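Data first, discussion second: the structure below is written as structure tokens.
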Amino acid sequence: MLTASVFVNIPVKSIAKAYTYSVPAELSFLEAGWRVFVPFGGRKVEGFILAVADKAETELAGIKLKPIEAAIDEECWFTPAMIKAAKWLADFYLCSLAEMMRLFMPGKSGLKISVQYEAVEEEGGHILLQMPMYRVVYQYLADQGPQGRNAIARALPEVKEELPSILEKLVQYKVLRKEYAAQKRDNARYEKLVVLTCQLTGQIREGYKRKKAQLHLLELLAAAPEQTLAMADLKAAKVSSATVRNLAEAGLAEIRQRRVLRDSYGDVQADRQRVELTEEQAAAVRAMEPALSAHAYQGFLLKGVTGSGKTQVYIEMAERARRLGRQVIVLVPEIALTGQVVTAFKAYFPDDIVVMHSRLSLAERNDAILRVRRGGAGIIIGARSALFTPAEDVGLIIMDEEQDMSYKQDESPRYHARVVAEELAHIHGGLLLLGSATPSLESYHRARQGELTLLTLTKRIGNLPLPLVKCVDMRQELRLGNRHIMSRPLQQLIEQTIAKRQQLIIMLNRRGFSTFVMCRSCGEVIKCKLCGLPLVYHQGVGGRPGRLACHHCDVTEPIPDTCPKCGSRYIKYFGSGTEKLEQELHQVVPSARVIRMDRDTTNTKFAHQEILARFRRQEYDILLGTQMVAKGHDIPNVTAVGIISADSSLNLPDFRAAERCFMLITQTAGRAGRHTEQGRVIIQTYNPEHYAVTCGIVQDYEGFYAQELKLRQQLFYPPYSRLVKLLYQNEDEQAARSGAAQLIAAFQQQFRGDKRQQAIGPSPAVIARLRGIYRFVVLIKTADLPAVQAFLRAQGLHLRTDVAIDIDPITML
DNA sequence: AGCACGCCGACT
DNA sequence: GTCGGCGTGCTC
């Protein structure tokens, strides 16, 4: 008797365990990794087989085993590597295995399960059916066969209102049966093919002498590769479908269907230019090569200044991995940047690329997966979700811009792509290559500790000069009477650049805007008197004025009219976004043609590319936008860059504030003048003397790193600790707060006196109340993450629905 | 998450 | 007396 251990695909913590089912004889081919359809608590759901065993018993602890209903796919879905990775990750992130496993599927579920109602024949005379409404429904189902509720409602509008209760009652009295129907959600596309099924002999030709059209078709087919032509091509060749049908009926040809795999980025074309590697690039490749063929994990950090040719190193390594027959995953931080990388790779691997990201339709994703499975493509390029493509043997995982915060998923399961990539590389015995001009402090620290092998590219290709970066003190600007968002030097730079018919990028860091209150005269940010963290602006409700709140101490105070430090009246909470800036640009430089790129203007799949393409074609002078304008792309005619408020992130209550600010400045500055002329960059700031700004301006990573690291060590932040954020949610404010407080007490009990195990809080979350639910945060800092994970599991926190666990959170509150 | 089972108020 | 409200608990 075969039994299977099955995890049901329901993302609920309380049923996050394996259930045992019996495997019926006709499904004896099932093994670990198959997706199946199983009965579960009175309904039918999707499940994943984790293991199959041959056991004597048909019951388990007195429960009679239910049989697996059916297999969902024609083949096993999860590879052993995928299951292994999902298990490890579920363990690490304290989430359910099903939650992790569904990341490895194109949709959240492989099935669409719908309920249908079926008439039970022998109950046709039931007493309930004497009522007309009941009889009508029963009769309809008896005539039409099983139907869904919506279909019934559409066909019988007269019973619409009562339908739910009618159906329920009829089911209760067993006059109707509930049927769970499962539709596959693969949206496969097929093309029709015509295949010649005989040898075209002279005898046949003779027989078709009088049927000119069919003979013509026969000749075409005989000449075609594999004697096969697509129906669509025949239509173009003016062969009518009647001709094809006649030939098929005569038995000489056959019409077949073949699944078509859509290639969403198939149209991207690129020219290959053989590039001679620089000595540094070649050295990096040489250092990595042995690990690739050794089939053993090794991690590398490639630190290369902007323009030093990291991409070429990626391509060289990918080529080597492919030559060994191993697959490659290339990760970019945002979907918008896939296009850029795809173009670069297409030049070398025109037909070997598949693009994977969450903006693809379900059908496109299915096709992409199938191309990888069938060996049609070996290089997977995409954002985070590309990691979960079912690949047999991943030899190389490249993570470009590894410091980028968008590699962290901010909804459950809250994984970081770097952690997933590293684990996958371990499982496959592959190579992990993290690339960045400005590595995250965590990765750089690990490299210095020897956990990752550090490779550096210090020279820019063609010895291009770094852009000329100038810093504008906005406090000074105000003193000179300029109350615009844009400083005078920036206005000048815009005018000069446009006059030269060159282009600019202007970046506005919206993050942090409108949340803190600052004096525009002296740069003072209003801070909490108790803990010194910036106070956060909260909008007034119902006509009451807004207030400032500290999220650590839970105190609020009114917004002052004047600056507590210098008494200036120019105190302001920042409310300006890209739209407002766009208006101001129109006033200041009326002739400039401005295009905006931010979350609002880039909703569709190709919106980014479209905007960038139009900007590249010089239909606009200025590209104005948020963070995303700072990333990746390389537009020749851009010679100047302006950063409106480079340091607004410095004022966020977040230990990564300085790191964010530094990365932003170096990245954005890197967009200017990558070709002929030296680029010019203007950075507007209220903190010109902050080390994140001073180091950013001269692109001094080492200097920044040293100072920031010192601070992190003092305050016991990553990379010296790891963080775990617990979010307690409850309708009752006291319950939420005391739940969090209890955990802290238990934590302190457990790790009594250990300075390297700290639990801070409870403090109200950034969104302290969401839809009537109060939210409190506990922040754990630990030098021993496994111990904390074990503690949380022992506390049963991973099973609680009112607590969200975030390992390595990106924000603290 | 759903869905059954179960225990109390409004109506035929 | 039944219908049906949604609180509690389980799902191989």
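Order of the sequence lines sets the chain letters (A, B, ...), proteins ahead of strands, with each chain counted from 1. It should be emphasised that the depicted structure is a prediction, and the values quoted were computed from it without experimental measurement. As a basis for the values below, the full set of heavy atoms in this structure was taken, side chains included, without hydrogen atoms, waters or symmetry mates.
- Every residue was checked against the salt bridge (Lys or Arg N to Asp or Glu O under 4.0 Å) condition with A/R154, not counting sequence neighbours, and none meets it.
- Sorted by first and then second residue, the ring-ring contact (aromatic ring centres under 6.0 Å, His included) pairs involving residues 130-157 of chain A (not counting sequence neighbours) form an empty list.
- Atom-to-atom, OH of A/Y21 to P of C/dT11 comes out at 11 Å; the value is rounded to the nearest Å.
- Checked against side chain to side chain donor-acceptor pair (under 3.5 Å), A/K725 has the following partners two or more places apart in sequence or in another chain: A/T811.
- Residue A/F7 is out of contact with every strand shown, counting any heavy-atom pair closer than 4.0 Å.
- The interatomic distance linking A/L65 (CG) with C/dT11 (C1') rounds to 13 Å, in whole Å.
- Interface residues of residues 35-44 of chain A facing DNA chain B, ordered by number: A/R43; criterion, heavy-atom separation under 4.0 Å.
- The NZ atom of A/K66 sits 9 Å away from the P atom of C/dT11 (whole-angstrom rounding).
- When the salt bridge (Lys or Arg N to Asp or Glu O under 4.0 Å) test is applied to A/R102, no partner is found at least two apart in sequence or on another chain.
- For A/S114, the side chain to side chain donor-acceptor pair (under 3.5 Å) test picks out A/Q183, with sequence neighbours left out.
- A/F751 has its ring centre less than 6.0 Å from the ring centre of A/F791.
- At a threshold of 4.0 angstrom between heavy atoms, the contacts of A/S5 with the nucleic acid are absent.
- Spacing between atom CD1 of A/I166 and atom C1' of C/dC3 amounts to 16 Å, rounded to whole angstrom units.
- C/dC12 atom P lies 16 Å from atom CD1 of A/I49, rounded to whole Å.
- The shortest distance between the side-chain N/O atoms of A/Y19 and the OP1/OP2 oxygens of C/dT11 is not below 4.0 Å.
- Rounded to whole angstrom, the span from the CD1 atom of A/I15 across to the C1' atom of C/dG9 amounts to 13 Å.
- Atom CD1 in A/I10 sits roughly 13 Å away from atom P in C/dT11 (whole-Å rounding).
- Rounding to the nearest 0.5 Å gives a distance of 10.0 Å between OG of A/S22 and CG of A/L27.
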Between side-chain atoms of residues 383-392 of chain A and protein atoms elsewhere (two or more places apart, or another chain), which donor-acceptor pairs fall under 3.5 Å?
| unit_1 | atom_1 | unit_2 | atom_2 | d |
| --- | --- | --- | --- | --- |
| A/R384 | NH1 | A/S406 | O | 2.6 |
| A/T389 | OG1 | A/A386 | O | 2.7 |

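- The nearest whole Å value for the distance from the NZ atom in A/K169 to the P atom in C/dG5 is 10 Å.
- First and last contacting nucleotides of DNA chain B toward chain A (any atom under 4.0 angstrom from a heavy atom, 5' to 3' order): B/dA1 to B/dC3.
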Donor-acceptor contacts under 3.5 Å from residues 74-85 of chain A side chains, at least two apart:
| unit_1 | atom_1 | unit_2 | atom_2 | d |
| --- | --- | --- | --- | --- |
| A/E74 | OE2 | A/K184 | NZ | 2.8 |
| A/E75 | OE2 | A/R374 | NH2 | 3.2 |
| A/W77 | NE1 | A/F104 | O | 3.0 |
| A/T79 | OG1 | A/M82 | N | 3.2 |

